[in-house]
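Have a look at the structure below before the remarks.
On a predicted model such as this, the values are computed, not experimentally measured, just so you know. Here is the naming used below: chain letters follow the sequence lines, and residue numbers restart at 1 for every chain.
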Amino acid sequence: MAKALFRAPTGTRDILAPESARRRRLVSVFADLAERSGFGQLESPVFEDIGVFQRLGAASEIVTKELFEFFDKGDPPRHLALRPELTASVCRAFAEHRPTVPWKIWYSGSQFRYERPQAGRYRQFEQVGVETLGTDDPHADVEVIGLGMRFYEALGLKQVRLLVNSLGDADSRPAYDAALAAYLQGRRGELSEQSRVTLERNPLRVLDSKRDQDQPVIAAAPLMVDFLSGASAEHFATVRDGLDRLGAAYEISPRLVRGLDYYTRTTFEFAADALDTAQNAVGGGGRYDALVEELGGPPTPGIGFALGVDRILLACDAEGAFAAAPTPVDVFVVDVAGGASAVVLCDRLRQAGFGVDRAFDGRSMKAQMKRADRSGATVAVIVGPDEQAEGTATVRDLRPGGGQNRVTQHDLVPAVAKLLEGTTS
RNA sequence: GUGGCCGUAGCUCAGUCGGUUAGAGCGCCGGGUUGUGGUCCCGGAGGUCGGGGGUUCGACUCCCCUCGGUCACCCCA
């Protein structure tokens, strides 16, 4: 047995059928939902000028150490990076094209982060998402969050929890940051070594720590909700009211921070309780009211989310939802008279709209019938020397107790259609 | 980037205290008389035991390195 010379790079993988079809269906469910909600698709490049992502914030690990970056062959070379997320690309596209607002888009695609892989975490991973730019109406927040919620429902997931928080705006955030930093500095000695480093860089992120040692300090930390400006508090209240009107079950999670530095006001996360791994966030997002401007566009508020396809599928596995299923063909053509007839009959049946497969390499009838059975086909079309000589084909019903009869090749399509009546294909 | 665990057929796994030609199930291929699948029976192919080095008379087994996987921290989808 020859040994494979190469394998998929660390953190990447091949997705074979039927899992690949399942992913395609998932994206299709999302696309339908988004388009029915007035979102149009944006396809943006897989790589961008590295500056697009560096605007995400110097304190984000995503841009400080997780970027796949490279130079192209330009003169001078361009400094580029594979996208680690899509919101920045969306904002760049907005600043570049200046579409009329509100601009509502959805996307799906691969993203890349250089991290150590683990359960639900890959270096190349796929997300679907939506973004609404050009309005800071809290009802836009509700529409976006509600869309995420309905998507999980559409997949059949039951154990997805919605967590919401507000990080405040430019009027409320500085006071909170100062209060939090002061508090954490005061209890610095109780924090883990890593949290002390985080504290210098971005105090808010200390709230994200999962280390046991930090929990007592975090539990007593000042809360953003107590620092919200009037406008921010009102925005948050309207979002919550809207979620209530949708019948959404959600939890206020006052320490929900999220990793991207650009978030303002509303932030939220979808946690899959069926996943007992550390990576149980199957989606997350929030409002980013300054990002477009950061990227050279006009001041433009935005709200959106990204949902992790890989993790959602893991959650589906855990809940037994949205199962992968092989896509069977309708007809299997068995040709034991040289195989030339199968070439023509397959083509004719496919043109008639049926799913059709066949065997190669001149295998025995028994072997080909076995293939036919395993293909999941309902009907086998058999051509042996007799049929070939008289221009006919044997049409066999592969279902238990099914019979067979011989028809002229001219009548093949209607004969197959008759047998397949009532089956879904 | 740091740490724990794990690498034996395509897949899931056995493999004794270090001892002869490394096994099973599933899958795959072929056969069970004249052209017919599923169940059953028989047979076959397929592994330099992740790679390299070391200890030993002898290594799948013990040690080191390396690569890969996995889980956790970190980070986040």
Side-chain angles (χ1 to χ4, degrees), chain A residues 1-4 6-13 16 56 59-66 84-87 108-129 148 192-195 197-198 202 205 208-214 256-260 269-272 275-285 305-315 332 334-337 359 361 363-388 394-404 406:
Chain A
M1 170 59 57
K3 172 170 284 193
F6 300 104
R7 41 188 155 189
T10 296
T12 69
R13 65 232 155 99
L16 312 186
L56 298 181
S60 275
E61 301 243 334
I62 288 180
V63 303
T64 55
K65 43 190 251 200
E66 295 179 3
E85 60 121 46
L86 266 156
T87 303
S108 72
S110 287
Q111 282 134 91
F112 307 84
R113 293 180 196 168
Y114 193 86
E115 315 174 83
R116 279 288 276 277
Q118 71 185 72
R121 192 169 78 184
Y122 306 94
R123 287 186 177 176
Q124 175 176 349
F125 60 102
E126 187 171 353
Q127 290 183 331
V128 295
S192 65
E193 195 178 332
Q194 278 168 311
S195 284
V197 175
T198 308
N202 187 346
R205 295 282 279 292
D208 251 348
S209 165
K210 287 184 200 165
R211 288 172 290 271
D212 291 340
Q213 187 186 342
D214 297 328
L256 178 65
V257 170
R258 305 199 47 74
L260 282 333
E269 188 165 296
F270 294 100
L275 292 178
D276 54 2
T277 59
Q279 316 300 332
N280 71 339
V282 289
F305 65 60
L307 315 181
V309 170
D310 309 277
R311 287 186 193 173
I312 290 171
L313 257 8
L314 289 175
F332 198 96
V334 171
D335 183 340
V336 283
D361 302 321
R363 291 180 193 284
S364 69
M365 169 164 278
K366 176 172 179 155
Q368 291 194 48
M369 285 302 291
K370 241 176 215 185
R371 286 289 177 89
D373 184 51
R374 284 167 202 185
S375 74
T378 306
V379 175
V381 169
I382 302 166
V383 179
D386 296 351
E387 287 89 342
Q388 193 178 46
T394 296
V395 176
R396 177 169 176 78
D397 189 338
L398 290 173
R399 288 168 290 204
Q404 66 182 48
R406 205 174 278 198

message: Please list all pairs meeting salt bridge (Lys or Arg N to Asp or Glu O under 4.0 Å) that have one or both residues in residues 395-404 of chain A, counting only residues at least two apart or in different chains.
response: A:D397-A:R399
- request: Determine whether A:M369 and A:I382 make a side-chain contact, defined as any pair of heavy atoms from C-beta on separated by less than 4.5 Å.
  value: yes
message: Please report the distance separating the P of B:C29 from the corresponding atom of B:A45, rounded so that it comes out in whole Å.
response: 16 Å
Selected nucleotide, minimal atom distance to A:T277 side chain, candidates B:A72, B:A77, B:C75: B:A72
field: Selected nucleotide, minimal atom distance to A:A306 side chain, candidates B:A72, B:C74, B:A77
entry: B:A77
statement: Atom CZ of A:R121 and atom C1' of B:C73 are separated, to the nearest Å, by 9 Å
Verdict with supporting geometry, A:F112 and A:R123, side-chain contact (heavy atoms from CB on, under 4.5 Å): CA-CA 5 Å; A:F112 307 84; A:R123 287 186 177 176; over 6 Å; no
task: With sequence neighbours excluded, tell me which residues meet side-chain contact (heavy atoms from CB on, under 4.5 Å) with A:A119.
output: A:T277
message: Once rounded to the nearest 0.5 Å, what's the spacing between atom CD1 of A:I312 and atom CD of A:Q127?
response: 9.0 Å
message: Expressed as a whole number of angstroms, how long is the span from A:Q194:CD to B:U2:C1'?
response: 8 Å
- request: Name the nucleic acid region contacted by A:V336, choosing base, sugar-phosphate or nothing; use a 4.0 angstrom heavy-atom cut-off, strictly under.
  value: nothing
- request: For A:R399 and for A:E387, locate the closest nucleotide of RNA chain B by heavy-atom distance; then report the residue assigned to the nucleotide nearer the 5' terminus.
  value: A:E387
field: Distance between P atoms of B:A24 and B:U34 (Å, rounded)
entry: 30 Å
message: What I want to check is whether an N or O donor and acceptor connect the side chain of A:Q279 with the base of B:A72 at under 3.5 Å.
response: no
Results of side chain to side chain donor-acceptor pair (under 3.5 Å) for A:R121 - residues two or more places apart only: A:Q118
Taking only N/O atoms, report every protein-nucleotides 29-31 of chain B pair under 3.5 Å with atom names and distance.
from, atom 1, to, atom 2, distance (Å)
B:C29, OP1, A:R371, NE, 3.2
B:C29, OP1, A:R371, NH2, 2.7
B:C29, O3', A:R363, NH1, 3.2
B:G30, OP1, A:R363, NH1, 3.1

Set out, line by line, the N/O atom pairs under 3.5 Å between protein and nucleotides 66-69 of chain B.
from, atom 1, to, atom 2, distance (Å)
B:G69, OP2, A:T10, OG1, 3.4

message: Nearest 0.5 angstrom please: A:E115 CD to A:E66 CD, how far?
response: 4.0 Å
message: Please classify the nucleic acid contact of A:R406 as base, sugar-phosphate, or nothing, using heavy-atom distances under 4.0 Å.
response: base
task: Assign A:A372 to base, sugar-phosphate, or nothing according to its heavy-atom contacts below 4.0 angstrom with the strands shown.
output: nothing
- prompt: Mind checking what makes salt bridge (Lys or Arg N to Asp or Glu O under 4.0 Å) contact with A:R211, not counting sequence neighbours?
  reply: A:D214
- prompt: Does A:R211 put a side-chain nitrogen or oxygen below 4.0 Å from OP1 or OP2 of B:C74?
  reply: yes
task: Verify the distance criterion only: is there a donor paired with an acceptor across the side chains of A:Q124 and A:S110 at less than 3.5 Å?
output: yes
message: On the side chain of A:Q118, is there an atom forming a donor-acceptor pair with the base of B:C75 - under 3.5 Å, no angle test?
response: no
query: Quick one: A:M365 CE to B:U36 C1', roughly how many Å, whole number?
result: 6 Å
message: Under 4.0 Å, counting only non-hydrogen atoms across every strand here, what does A:Y122 touch: a base, just sugar-phosphate, or nothing?
response: base
- prompt: If you find the nucleotide of RNA chain B closest to A:G284 and the one closest to A:Q404, which residue's nucleotide is nearer the 5' end?
  reply: A:Q404
message: For the P atoms, the ones on B:G27 and on B:C63, what distance do you get once it is rounded to whole angstrom?
response: 37 Å
query: Roughly how far apart, to the nearest Å, are B:G7 and B:G51 at atom C1'?
result: 11 Å
task: Let me know the distance between CG of A:D310 and P of B:A77, rounded to the nearest Å.
output: 13 Å
message: Rounded to whole Å, please give me the gap between CD in A:E193 and P in B:C74.
response: 14 Å
message: Rounding to an integer number of angstrom, what distance separates B:G50 and B:G43 when you compare their P atoms?
response: 30 Å
- prompt: Which part of the nucleic acid, if any, lies within reach of A:G129 when heavy atoms closer than 4.0 Å are counted: base, sugar-phosphate only, or nothing?
  reply: nothing
query: Between B:G37, B:A77, B:G35, which nucleotide has the shortest distance from any of its atoms to the side chain of A:R396?
result: B:G37
- prompt: Among all residues two or more places apart in sequence or in another chain, which pass the salt bridge (Lys or Arg N to Asp or Glu O under 4.0 Å) test with A:D335?
  reply: none
- prompt: Out of B:U36, B:A72, B:C74, which nucleotide sits closest to the side chain of A:K210?
  reply: B:C74
- request: Give me the residues of residues 376-386 of chain A where at least one heavy atom lies under 4.0 Å from an atom of RNA chain B, by number, or none.
  value: A:I382, A:D386
field: Heavy-atom pair of closest approach, residues A:V282 and A:A315
entry: CG1-CB, 4.4 Å
field: Test side-chain contact (heavy atoms from CB on, under 4.5 Å) applied to A:R113 and A:F125, step by step
entry: CA-CA 8 Å; A:R113 293 180 196 168; A:F125 60 102; 3.5 Å; yes
query: Sequence neighbours excluded, which residues qualify as salt bridge (Lys or Arg N to Asp or Glu O under 4.0 Å) partners of A:R371?
result: none
Considering all heavy atoms, the nearest A:E85-A:Q111 contact: CA-OE1, 3.3 Å
message: Suppose you measure atom C1' in B:G19 against the same atom in B:C64; what distance do you get, rounded to whole Å?
response: 24 Å
- request: Write down the distance between CG (A:D397) and C1' (B:G38), rounded to a whole number of angstrom.
  value: 13 Å
task: Give the C-alpha distance, both sets of side-chain angles, the deciding distance and a yes or no for side-chain contact (heavy atoms from CB on, under 4.5 Å) between A:D373 and A:L398.
output: CA-CA 7 Å; A:D373 184 51; A:L398 290 173; 5.8 Å; no
Separation of B:C75 P from A:R311 CZ (nearest whole Å): 13 Å
Non-neighbouring partners of A:D310 that pass salt bridge (Lys or Arg N to Asp or Glu O under 4.0 Å), sequence neighbours left out: A:R13, A:R23
query: Stem ranges for RNA chain B, with three or more consecutive Watson-Crick or G-U pairs under 3.5 Å?
result: B:1-7 with B:67-73, B:10-13 with B:23-26, B:28-32 with B:40-44, B:50-54 with B:62-66
field: Rounded distance in Å - CE (A:M369) to C1' (B:G38)
entry: 10 Å
task: Sort and list the pairs that fulfil salt bridge (Lys or Arg N to Asp or Glu O under 4.0 Å) and have at least one residue in residues 376-387 of chain A, not counting sequence neighbours.
output: A:E387-A:R406
Rounded C1' spacing from B:U12 to B:G3 in Å: 29 Å
message: Measuring only the C1' atom in each nucleotide, how far is B:C75 from B:U2? A whole number of Å is fine.
response: 13 Å
